[in-house]
Each structure stands twice: as structure tokens, then as C-alpha cells.
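What follows is a set of notes on a single structure, which appears directly below.
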Amino acid sequence: MKEEGLIGAAIEARLKAYAPHSKFKVGAALLTEDGRIFTGCNVENSSYGLSICAERVAVVKAVSEGCTRFTDLVLVADCEGICTPCGACRQVLFEFNQNMNITMLNLRGGKLEATVRELLPEAFELDH
Ligand code: THU
């Protein structure tokens with residue numbers, strides 16, 4: 001099943017997170033229209049502002065492999081509530097598909113679902 005594979009991929013990607021500064025590990029898995037999965041984890045840096053979120057790592061990996069059409073993204077973190085994408089990631093996801101389905105999960109059974117457009121209403125668009 002599409003969603004189960006994506007969830008497993010995001011959980012596995014989270015284990016690879018490089019987060020020695022925040023200790024907050026995040027995993028993401030992005031599904032392309034043609035069924036490919038690209039994963040990402042957050043990669044932090046001693047110069048904190050250089051850290052990059054799991055979602056953007058997944059997008060950059062996919063785009064650099066020639067894939068730009070995404071349908072779904074699963075985001076996984078270990079927190080009491082639900083970790084939602086930061087503003088920068090919302091804008092980056094919006095660039096590729098404002099109707100993309102975002103599933104946000106914690107490791108305790110919590111789940112939230114939204115489209116990118118719902119997460120980023122009135123987003124900036126160069127064409128408008
Ligand atoms: N982080 C993500 O990777 N994705 C999110 O959606 C929220 C935050 C990362 C960035 C940083 O490495 C750590 O979580 C704490 O902010």
C-alpha cells in the first residue's frame with residue numbers, strides 16, 4: 001500500500017538524522033507521481049542557521065534526480081504533539097504542488113493530514 005511504504009521510508013529516514021545540536025530527529029518521505037520515493041532527514045550544523053530540514057533534503061534529492069512531480073509527503077518526528085513543516089519548507093513544497101498531501105506523524109500514534117495549500121494559505125507565487 002502506498003501510504004504504508006511511505007511511512008516506513010520516513011521512519012527509517014528519521015534514524016539517519018544528523019541532529020547533535022537539537023537532538024530532534026525528523027524523517028521525510030516524498031512520493032513522486034510515477035511511484036518513486038525520495039527520503040530526507042534533517043542535517044544540522046554547528047553554525048545553526050546552516051541546518052536543513054528533512055523535507056527540503058527530500059525535495060532537493062528528488063529534484064536533483066530529475067523528479068519534480070510529487071503527490072504525497074510523510075513527515076515523522078518523535079514528540080508529544082505533531083511536528084508540522086516549518087514556513088520555509090511549506091514554501092518549498094508549495095513550489096512543486098500546492099495540492100500535495102502532507103501526512104504528519106509522531107511515534108506515539110498521533111497523525112495530522114493537510115494539503116500544502118492548507119498549511120500555507122495565501123502563499124507567495126512569482127506569477128501572481
Ligand atoms: N526540522 C525538520 O527537519 N523538519 C520540520 O518540519 C521541523 C524542524 C528540524 C530542523 C532542526 O534540525 C530540528 O528539526 C529542530 O528544529
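Whatever order the structure lists ligands and atoms in, that order sets their numbers, starting from 1. These values consider heavy atoms only, across backbone and side chains, with no hydrogens, waters or symmetry-generated copies.
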* Asked: Judged by atom type as modelled, is there a donor-acceptor pair below 3.5 Å linking the side chain of Gln91 to the main-chain atoms of Ala88?
  -> no
* Determine whether Asn101 and Glu113 make a side-chain contact, defined as any pair of heavy atoms from C-beta on separated by less than 4.5 Å. => no
* Between Arg69 and Asp34, is the closest basic N to carboxylate O distance under 4.0 Å? -> no
* Any side-chain donor-acceptor pair under 3.5 Å between Arg117 and Asn99? -> yes
* Residues in the immediate environment of ligand 1 (any heavy atom closer than 4.0 angstrom) -> Ser22, Phe24, Val26, Asn42, Glu44, Cys53, Ala54, Glu55, Leu75, Cys83, Thr84, Pro85, Cys86
* Donor-acceptor pair, side chain of Ser47 and main chain of Leu50, under 3.5 angstrom -> no
* Structure fact -> Closest heavy-atom pair, Asn106 versus Glu80, reported as atoms and distance to 0.1 Å, is ND2-O, 3.3 Å
